[in-house]
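Residue numbering restarts at 1 for every chain, and letters A, B, ... go by the order of the sequence lines.
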Number of protein chains: 2
Amino acid sequence: MTTRKDIHNSDIPVLCQSCEARHGGVCAALDNHQLQALSKASWKRKVEPGTELVGDAEAVGSYSNVLSGVVKLTKGLSDGRQQIVGLQFAPDFLGRPFKVESRLGAEATTDVTLCSFPKAAVERMMKESPGLEHRLLQQTLAELDDARDWMVTLGRKTAGEKVASFLLLIARNIDPASPPPAEKTTFDLPLTRADIADFLGLTIETVSRQLTKLRADGVITIENNRHVIVESLERLELRCGD
Amino acid sequence: MTTRKDIHNSDIPVLCQSCEARHGGVCAALDNHQLQALSKASWKRKVEPGTELVGDAEAVGSYSNVLSGVVKLTKGLSDGRQQIVGLQFAPDFLGRPFKVESRLGAEATTDVTLCSFPKAAVERMMKESPGLEHRLLQQTLAELDDARDWMVTLGRKTAGEKVASFLLLIARNIDPASPPPAEKTTFDLPLTRADIADFLGLTIETVSRQLTKLRADGVITIENNRHVIVESLERLELRCGD
DNA sequence: TCGGCGCTTTGATGTCGATCAACTTTGACG
DNA sequence: CGTCAAAGTTGATCGACATCAAAGCGCCGA
């Protein structure tokens, strides 16, 4: 293990020292001692876009923290229609506690760094430390709020409003380190047009047309299909409908 | 208070004795002692359809359990468009822990019985008893699963599939006492056509037409606009698309 | 440098659900 | 009962987004 031997207050496992999840994520609920215990059983990994992290009806043996990149959560209908039901950014927690089966697909849409723990270790720690469960409840409540916001987008917004809402969501979440930008910003789209369509309940053609319109109206600029420059966040917000 | 004086194992507050929430709900996580403490500060109330329980951006001073009836959770866009983002049946917990403001409207759609507690009492009890927080996490995770299921319905299903999915949802949840029915069943719609439309992201006309079609195809019968007889749950399921 | 392949854009046409406009049913109250 | 308002149904038309089809445009390997 890559930790120092002496018991000391600043004795944070090397693995965790520069970790996003130790601040905003669930690990923030753990003290150094617990962090040590968990880090012994945990491992870091890097995966490429398109890597399936959890199959649709698959038993999951581990939980993870997203340390960088974006993970899409998907649900499918029997005839192949798909809906993305959530995006996980760093330092989000990935996994469905208290359930063996997942009902959800999870797939990296960009390069993703993960820190994974065995299910059992997390669940044991949750029993011992109410703080961890509290933290998890907080994140789950936040995800529920997000999901409900998105239900409004899916159910009641026009195609134009949907695409604007999507861009705003990305602009506000893509960079885990800095707070949401205020006026002008720039980022790489973490999703293909097909993924954006599956997230918004649209087709790729409609997504493309709406992006073109935003570009024509001078709200955004797009370079190389992926890189977006938001000229005016304020004007983008106006197009979200809410 | 309406409790007996002697400390005894079967010493359950009268208020709680015949209560749904003591079994499936959050109160199931409390021992008799805690139940007593909480019931001292809690009160039961009956409200009529249309009663606003929580305003859209209102500070909430209490949590509640739904003991009977149906509550709709709504979100609105600035121009008046509305989306119902969830339905709460007995014995669901109503309220958003750890947040003063709600961002959500809550309104009774049928006659509703509630058991309400002051926010502070619940939060104090949550600190003392990890079981309660655990229970709340469980319900929140279940609600998140439901919300994500509904995102698929909103984003990817046709009008016909949406209406069928709605009827199935009601059939499975309207009666808190019995388990989901298997073949034939009957219930009163807890929502008006306008509410159904807001739940499904459709218009009332489209909802009406789809109900008419289900009736014409012999899948359901409707009496007095509200009472639904599902002739074949199996055939209804086939029309949900998943 | 050149194909070739995947992703994206753009255009023409089609369709499902929205909108607009009667009309009917239900239920509350005299 | 008869009246009235609210809720629901039905029909005609419209429009937003889907579908079908054909280019563009990187980007990679030979």
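Here the C1' atom of nucleotide C:dC16 and the CZ atom of B:R156 are 15 Å apart, to the nearest Å. With rounding to whole Å, A:N224 atom CG is found 11 Å from D:dC28 atom P. In this structure, B:E223 places its CD atom 11 Å from P of C:dG27, rounding to the nearest Å. Between B:D198 atom CG and C:dG17 atom P there is a gap of 17 Å when expressed in whole angstrom units.
A salt bridge links A:D242 and A:K157; the closest N-O separation between the charged side-chain nitrogens and carboxylate oxygens is under 4.0 Å. Note on B:K184 versus B:E231: salt bridge recorded, some NZ/NE/NH1/NH2 to OD/OE distance being below 4.0 Å. Between A:E143 and A:R148 there is no salt bridge, since no side-chain N of the basic residue sits under 4.0 Å from a carboxylate O of the acidic one. Taking a cutoff of 4.0 Å between a charged side-chain nitrogen and a carboxylate oxygen, B:K72 and B:D198 do not qualify as a salt bridge. A:D149 has no carboxylate O lying under 4.0 Å from a charged side-chain N of B:R103, or vice versa, which leaves the two without a salt bridge.
Rounded to 10 degrees, the angle separating the terminal axes of the helix from C:dT1-D:dA30 to C:dG30-D:dC1 is 40°, with each axis obtained from five end pairs.
With hydrogens and angles left out, the side-chain atoms of B:S42 and B:S39 include no donor and acceptor closer than 3.5 Å.
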Contact letters for nucleotides 2-17 of chain D, in which S counts primed atoms plus P, OP1 and OP2 and B counts the base, heavy atoms under 4.0 Å: ------SBBBB----S
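With hydrogens and angles disregarded, a donor-acceptor distance shorter than 3.5 Å links the side chain of A:S165 to the backbone of A:E161.
Aromatic ring orientation, A:F199 versus A:F166: perpendicular (interplanar angle above 60°, classes split at 30° and 60°).
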